[in-house]
Enquirer: 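The structure follows.
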Amino acid sequence: MTEAERIIGTPDIPDAEGADGAEPQQPAEGSSPADGESAGRGGKKVLVLLVVTVLAYLLDLGSKMLVVAKLEHEEPIEIFGDWLKFDAIRNAGAAFGIGEAFTVIFTAIAAVVIIVIVRLARKLYSLPWAIALGLLLGGALGNLTDRVFRAPGVFEGAVVDFIAPAHFAVFNLADSAIVCGGILIVILSFKGLDPDGTVHKD
């Protein structure tokens with residue numbers, strides 16, 4: 001060490017301090033980088049849910065508008081002979097024509113399902129669940145739109161059905177989305193996958 005260094009002294013090398021002598025910033029209390037990551041992943045899954053919902057809803061709405069404009073009060077259109085036809089009917093009941101005397105009740109049930117799915121979306125971190133709930137939500141919104149805006153009145157409207165397989169009930173794309181979403185939820189439940197991404201292994 002030279003005489004000048006001995007007199008002046010060698011400055012301490014900062015360890016925990018920054019180059020400018022300031023103390024390093026600490027993460028805010030109660031937060032962590034993992035929280036930000038989780039929020040980002042959850043946001044992406046909610047976006048998937050919204051995209052699937054909008055696609056299912058628009059496909060159902062567009063098909064019904066086309067059927068009402070072109071097929072209602074017309075002869076059925078054969079797609080695969082007698083096995084599959086497009087035949088426009090008005091259904092006051094639930095999916096596949098069940099319970100036509102309980103239109104208002106089914107309307108209320110559809111509204112409750114929509115509210116439950118929207119609330120569940122806040123804790124959604126699973127892509128398969130996002131797709132399943134999007135199908136359910138899009139289908140429920142599609143049929144609820146008919147019940148609110150179509151004749152004979154608000155909350156009593158008849159749903160437009162037109163897909164008519166042989167020896168089976170007539171249904172629409174909203175019914176198909178609801179069934180597919182329900183089947184996917186059953187499969188995910190059997191596999192032990194929760195909406196928040198947790199996997200249960202028994």
Side-chain angles (χ1 to χ4, degrees), residues 27-28 30-68 79 84 86 91 93-98 105-150 155 157 159-163 165 168-202:
S31 66
S32 68
D35 294 337
E37 266 185 49
S38 297
R41 287 187 289 110
K44 291 179 181 178
K45 302 306 181 293
V46 172
L47 179 61
V48 171
L49 183 150
L50 291 175
V51 169
V52 174
T53 298
V54 171
L55 285 176
Y57 178 75
L58 291 180
L59 285 173
D60 177 68
L61 181 63
S63 64
K64 288 173 177 175
M65 292 174 65
L66 186 62
V67 165
V68 170
I79 306 302
L84 179 63
F86 285 168
N91 170 25
F96 309 111
I98 301 171
I105 295 176
F106 290 130
T107 302
I109 292 173
V112 170
V113 169
I114 292 169
I115 293 171
V116 169
I117 293 175
V118 170
R119 290 178 62 86
L120 187 60
R122 295 181 300 175
K123 299 180 180 180
L124 186 61
Y125 295 96
S126 166
L127 179 60
W129 270 96
I131 295 172
L133 293 177
L135 289 170
L136 279 179
L137 185 55
L141 285 171
N143 283 340
L144 184 61
T145 299
D146 281 3
R147 298 193 188 284
V148 172
F149 295 105
R150 295 194 187 276
F155 301 122
V159 174
V160 176
D161 289 336
F162 62 95
I163 304 173
F168 196 73
V170 183
F171 58 97
N172 56 43
L173 294 184
D175 297 332
S176 301
I178 291 170
V179 171
C180 290
I183 291 173
L184 183 54
I185 287 175
V186 171
I187 294 173
L188 295 174
S189 298
F190 271 114
K191 294 182 70 174
L193 180 62
D194 287 347
D196 63 0
T198 304
V199 178
H200 300 283
K201 295 182 179 179
D202 299 327

Enquirer: How long is the straight-line distance from CG of Leu135 back to CG of Leu49, given to the nearest 0.5 Å?
Expert: 9.5 Å
Enquirer: Give every donor-acceptor pair under 3.5 Å between a side-chain atom in residues 184-194 and any protein atom, sequence neighbours left out.
Expert:
| from | atom 1 | to | atom 2 | distance (Å) |
| --- | --- | --- | --- | --- |
| Ser189 | OG | Ile185 | O | 2.9 |
| Asp194 | OD2 | His200 | NE2 | 2.5 |

Enquirer: So which heavy atom on Asp60 is nearest to which on Gly142, and how close?
Expert: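 Scanning both residues completely, I find the closest heavy atoms to be OD2-CA, 3.4 Å.
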Enquirer: Would a 4.5 Å heavy-atom cut-off, applied to side chains only, mark Asp161 and Asp175 as touching?
Expert: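 Answer yes - side chains close enough.
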Enquirer: How far does CG of Leu137 sit from CD1 of Ile178, to the nearest 0.5 angstrom?
Expert: 10.0 Å
Enquirer: How close do Ala169 and Pro165 get, counting heavy atoms only, and between which atoms?
Expert: O-CD, 3.7 Å
Enquirer: Check Ala56 against Ala177 and note the closest heavy-atom contact, atom names and distance.
Expert: CB-CB, 4.4 Å
Enquirer: Atom SG in Cys180, atom CD1 in Ile131: separation rounded to 0.5 Å?
Expert: 12.0 Å
Enquirer: Would you please test Val159 and Lys64 for side-chain contact (heavy atoms from CB on, under 4.5 Å) and show each step?
Expert: CA-CA 9 Å; Val159 174; Lys64 288 173 177 175; 4.0 Å; yes
Enquirer: With a cut-off of 3.5 Å and sequence neighbours excluded, list every side-chain donor-acceptor pair involving residues 117-124.
Expert:
| from | atom 1 | to | atom 2 | distance (Å) |
| --- | --- | --- | --- | --- |
| Arg122 | NE | Arg119 | O | 3.4 |

Enquirer: What's the spacing between Phe162 CZ and Leu173 CG if we round to 0.5 Å?
Expert: 4.5 Å
Enquirer: For the residue pair Val48 and Leu127, establish whether any side-chain heavy-atom pair is separated by less than 4.5 Å.
Expert: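 In short, these two side chains touch, coming nearer than 4.5 Å.
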Enquirer: Roughly how far, to the nearest 0.5 Å, is CD1 of Ile109 from CG of Leu144?
Expert: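 The distance works out to 12.0 Å.
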Enquirer: Which distance, rounded to the nearest 0.5 Å, do you find between the CD1 of Ile163 and the CZ of Phe171?
Expert: 4.5 Å
Enquirer: Is there a donor in the side chain of Asn172 and an acceptor in the side chain of Asn143, or the other way round, less than 3.5 Å apart?
Expert: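 Per modelled atom types, Asn172 and Asn143 side chains form a pair under 3.5 Å.
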Enquirer: Does any part of the side chain of Arg150, heavy atoms only, come nearer than 4.5 Å to the side chain of Val68, both counted from C-beta?
Expert: yes
